[in-house]
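These notes concern the structure reproduced below.
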There are 2 protein chains.
Amino acid sequence: MLSKKTKYGIKALTYIARQPSKKPVQTAEIAENENISHKFLESIMVQLRKSGFLGAKKGKGGGYYLIKDPAEIRMTAVIRILEGPIAMVPCVSLNYYEKCDDCKDEETCSVHQLMIQVRDSTLKVLGNNTLADITKDKEEGS
Amino acid sequence: MLSKKTKYGIKALTYIARQPSKKPVQTAEIAENENISHKFLESIMVQLRKSGFLGAKKGKGGGYYLIKDPAEIRMTAVIRILEGPIAMVPCVSLNYYEKCDDCKDEETCSVHQLMIQVRDSTLKVLGNNTLADITKDKEEGS
DNA sequence: TTAATAACCTACTATTCCGATAGGTTAATA
DNA sequence: TATTAACCTATCGGAATAGTAGGTTATTAA
């Protein structure tokens, strides 16, 4: 299950990416429009800034703005920062690997084998989707 | 993240499927070999039995046995019973759908769009894998 | 018929994490 | 100098997870 943190984070990034101008966007505005707890969102924005996705400006007219081109922001990166591992089991995680303490042999573990496949297919989808991709409203006819 | 419950459940099913004979297997044996808390595993087995995956026999020589052919048991079914929804967000779940209370319009929600893709790719993998598939040890060279 | 076995049932609990709240501090603008 | 909005620290209730404990029922074998 995706945490609200990640969900809100992606929504906020999308909100900013959809802005016509490049002026900073306030968390209060995003929170209101996306029905997110303001304070909770603030903590998420700080994390996204510290991770290099956003820049911030204080005071009146301040807010958050994108640092990179939306087409350069892969969903894998966003989710890894906000959610943590993409894999459903630590023993198949590429970035957050951890050995199972119950499992003797990963090679013969059925869960391991299966979860590698799930991880790879998920990785493919998230790696192919950038912020630019998910920002555009629905695919319009070809 | 996959719960231990689901992980243990899959391991137990695999353990039984790997048995050479069709005799019932005791939870104590599985628990010991797979390093699972016995009592915890018991509760999982009961659930798998009630869901129609396993049969049970009490008393000496008793235990659990598979009811269906392993090739007929899809991982989607097992995971839906033990873990719940496969989708990462309730609003894209096929079997456990729930509307987000923050989201006004699913169509324009970037998270929604993205998670549909993740769901579909995961579903594909889990739907293509049966208990028979994950039971066999590693693919041997062609 | 009795003892042993193993599934089954109910209840409780410790720990962790999530989502949020509260209240204040710093920096930039008007 | 006042206002604004990011930033920081601390706290907290509730839910879920992963288990523990202790007993009951049904089946088998001696």
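Lettering follows sequence order; numbering is per chain, from 1. None of the values given here were measured: they were computed from a predicted structure.
- Backbone-only engagement by A:T27 is indicated by non-hydrogen atom pairs under 4.0 Å involving sugar-phosphate atoms exclusively.
- Taking every heavy atom of both residues into account, A:K7 and B:V111 meet most closely at O-CG2, 3.7 Å.
- Within the model, atoms NE2 of B:H112 and CD of B:E107 stand 6.0 Å from one another, a figure rounded to the nearest 0.5 Å.
- Here D:dT4 presents its C1' atom at 11 Å from NE2 of A:H38, a figure rounded to the nearest Å.
- Between B:K11 and A:D102 there is a salt bridge, since at least one side-chain N of the basic residue sits less than 4.0 Å from a carboxylate O of the acidic one.
- Near DNA chain D, meaning a heavy atom under 4.0 Å from it, residues 56-68 of chain A has A:A56, A:K57, A:K58, A:G59, A:K60, A:G63, A:Y64 in order of number.
- Where DNA chain C meets chain B (any atom under 4.0 Å from a heavy atom), the bounding nucleotides read 5' to 3' are C:dT5 to C:dC9.
- A pairwise comparison of heavy atoms in A:T130 and A:P70 identifies CB-O, 3.5 Å as the closest pair.
- Close to D:dT20, at under 4.0 Å from its OP1 or OP2, lies a side-chain N or O of B:S37.
- In this structure, CG of A:L41 is placed 14 Å from P of D:dA5, rounded to the nearest angstrom.
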Output a table of donor-acceptor pairs, distance under 3.5 Å, between side-chain atoms of residues 41-56 of chain A and any protein atom two or more places apart or on a different chain; print 'none' if there are none.
from  : atom 1 : to    : atom 2 : distance (Å)
A:S43 : OG     : A:F40 : O      : 2.6
A:Q47 : OE1    : A:K5  : NZ     : 3.2
A:Q47 : NE2    : A:I81 : O      : 3.3
A:S51 : OG     : A:Q47 : O      : 2.6

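- No hydrogens or angles considered: nothing links the side chains of B:Q19 and B:Y65 as a donor-acceptor pair under 3.5 Å.
- One N or O on the side chain of A:E83 and one on the backbone of A:S3 form a donor-acceptor pair closer than 3.5 Å.
- Counting to the nearest Å, the P atom of D:dT17 and the NZ atom of B:K4 are 13 Å from each other.
- B:N35 has its CG atom 16 Å from the P atom of D:dA18, to the nearest Å.
- Look at CG on A:D102: it is 11 Å from P on D:dA18, rounded to the nearest Å.
- A side-chain donor-acceptor contact under 3.5 Å links B:R18 to the backbone of B:T135.
- Taking all atoms of both residues into account, the shortest heavy-atom contact from B:C91 to B:E106 is CB-OE2, 3.8 Å.
- Summary of the strand contacts: B:K39 and B:T6 both lie near DNA chain D, and taking for each the nucleotide with the nearest heavy atom, the more 5' one is attributed to B:T6.
- B:K50 comes within 4.0 angstrom of sugar-phosphate atoms only, judged by non-hydrogen atoms across all strands, and of no base.
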